Amino acid sequence: NGGLNKFDKKTETFINFTTKDGLSNNVIYGIVIDKNKKLWLSSNNGLMYFDPDSRDIRNYTVEEGLQNNEFNAGAYFKTHEGKLIFGGINGLNIFDPDSIQQSKYQPPIVFTDFRLYNQSIQPGLISPLKNPIQYTDKIELNYQDKVFSIDFASLDYNNPEKNIFYYQLEGFDENWIYAGTRNTVTYTNLNPGTYIFKVRGSNNDGIISKRSKSLIISIIPPYWQTIWFNTLIVLIVAALLYWLYRYRLTRVLEMERMRIRIASDLHDDIGSTLTKIAINSEIIQSTQNAEKIRQSSIKIGRMSREIISSMSDIIWSIDARNDTIKDLLDRMRDFSSTSFAESKIKVNFISSDFPLSRKIPVQFRQNVFMIYKESLHNILKHAEASEVEINFSITGGNYSLCIKDNGKGFDPAKGYSGNGIKNMKLRAARIHAKINMDNNNGCQVCLIGKIP
């Protein structure tokens with residue numbers, strides 16, 4: 001019940017042969033050695049021929065003339081002439097082993113059917129099969145085609161029920177697989193890739209043909225497993241990391257530039273003002289002249305208020321809570337109303353429909369406000385105007401801040417001792433804006449640029 005055991009006297013080991021190696025049955029009732037030292041085995045499923053040297057196996061059934069496929073234990077005999085006799089449930093068979101000729105025919109293999117989820121696939125434009133399976137060398141499947149079957153046949157019609165097959169799917173099966181007489185194979189859940197399905201068959205005498213039939217099977221991966229997609233993801237991640245690096249670097253540089261600007265403003269505005277306060281304080285301490293003391297006290301008070309105002313502007317500009325256009329407009333309106341409150345100058349502040357909730361960078365709002373503040377200071381100090389019109393408008397992504405008065409104007413060709421105009425131009429350059437100054441029935445200062 002365990003097949004055939006071959007004993008090697010030299011190594012004292014056994015080699016076992018079963019139906020997996022080509023035997024028709026594992027129940028062996030009798031063994032007879034013919035004159036050529038070949039074995040003939042009776043079983044529950046016909047007679048078997050076995051060559052101990054080549055390990056060639058051939059099977060014979062009722063189709064070759066046996067009394068029945070089932071034989072009896074102990075019912076075997078070899079005559080003096082070399083004929084073999086085997087008895088079974090329907091009588092006996094007697095034959096001369098030398099008279100049995102083995103077929104040398106090597107039949108070709110053909111594919112007879114291709115199925116997806118057990119449904120035969122017909123050729124067509126949108127089908128995996130462009131031609132009938134018999135004339136197909138390559139098939140492309142989608143990654144969703146998880147279950148497919150291939151049918152095949154050996155073209156030996158002498159006794160086709162005895163044709164046996166071996167198959168292998170290169171890229172999946174490590175070795176050839178014995179299929180017996182089964183002429184279909186099914187694969188499930190293969191990974192995307194390219195495979196080669198190969199089949200070898202035998203004739204009715206069990207002679208394995210040297211011919212084989214091959215079919216290339218390509219399973220297309222989903223887009224998220226393709227090289228181009230993974231490359232794109234790597235590039236996107238790399239670009240994102242680079243962008244984050246550049247963003248952080250830009251933020252650090254902006255912070256550093258802001259610190260430098262604040263230090264510069266403190267040095268230029270507040271530092272110089274504190275120096276003047278110190279000088280006037282020394283004058284008060286060193287003189288007994290009441291008029292000089294009064295004038296110096298007035299100057300100290302005025303300069304102290306200027307310092308407070310400058311400090312307030314610096315703190316406002318760097319406060320992260322004041323980061324919208326609305327905050328800038330509110331600050332500008334508040335400053336104009338406060339600055340001209342004690343003067344007879346009429347102020348008209350006009351602003352278009354701004355995206356009030358839009359956030360703006362610190363550098364932008366600080367420099368726009370300081371230019372605006374310097375312009376109003378110049379009007380208060382020098383313009384001798386009675387009216388001021390402030391027009392802050394936006395068109396698309398561009399803005400325009402124009403401050404016009406009806407005062408006496410000024411001549412840009414003349415030199416001025418202060419740094420106001422120079423600072424305004426420097427601040428405009430910092431935010432990549434243009435500043436124009438025009439004298440026509442007063443003075444008009446226009447700041448034009450793009451909202452970042």
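Only a predicted model underlies this, so the values are computations on that prediction, with no experimental measurement involved.
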With a 3.5 Å cut-off and no angle check, do the side chains of [X] and [Y] form a donor-acceptor pair?
X	Y	result
Tyr117	Asp145	no
Asp173	Tyr187	yes
Thr324	Asp327	yes
Asn45	Asn59	no

Practice task
Verify the ring-centre separation between Tyr60 and Phe95: is it less than 6.0 angstrom?
Solution key: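 No - the distance between ring centres of Phe95 and Tyr60 does not fall below the 6.0 Å cut-off.
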Practice task
Could you tell me whether the side chain of Glu374 reaches within less than 4.5 Å of the side chain of Arg427, counting heavy atoms only?
Solution key: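 A side-chain contact under 4.5 Å is absent here.
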[X] [atom1]: over 12 foreign heavy atoms closer than 6.0 Å:
X	atom1	value
Lys130	NZ	yes
Ile227	CD1	no
Ile33	CD1	no
Phe7	CZ	yes
Phe229	CZ	yes
Arg248	CZ	no
Lys78	NZ	yes

Within the side chain of [X], is there an N or O that forms a donor-acceptor pair under 3.5 Å with the backbone of [Y]?
X	Y	value
Asp21	Thr18	yes
Glu64	Thr61	yes
Glu170	Ile196	no
Asn26	Thr19	yes
Asn69	Val62	yes
Asn93	Gly65	yes
Thr338	Phe335	no

Exercise for the section: Please assess Lys450 against His432 for the test side-chain contact (heavy atoms from CB on, under 4.5 Å), listing each intermediate value before the final yes or no. Expected result: CA-CA 8 Å; Lys450 187 172 183 179; His432 308 289; over 6 Å; no
Quick one: do [X] and [Y] make a salt bridge, cutoff under 4.0 Å?
X	Y	answer
Asp51	Lys38	yes
Asp330	Lys326	yes
Asp53	Lys37	no

Exercise for the section: Could you tell me how the ring of Tyr76 sits relative to the ring of Phe86: parallel (under 30°), tilted (30 to 60°) or perpendicular (over 60°)? Expected result: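 Because their plane-to-plane angle lies in the 30° to 60° range, the rings of Tyr76 and Phe86 count as tilted.
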Practice task
Might you work through the side-chain contact (heavy atoms from CB on, under 4.5 Å) test for Leu4 and Ile31, ending with a clear yes or no?
Solution key: CA-CA 10 Å; Leu4 178 68; Ile31 302 176; 3.9 Å; yes
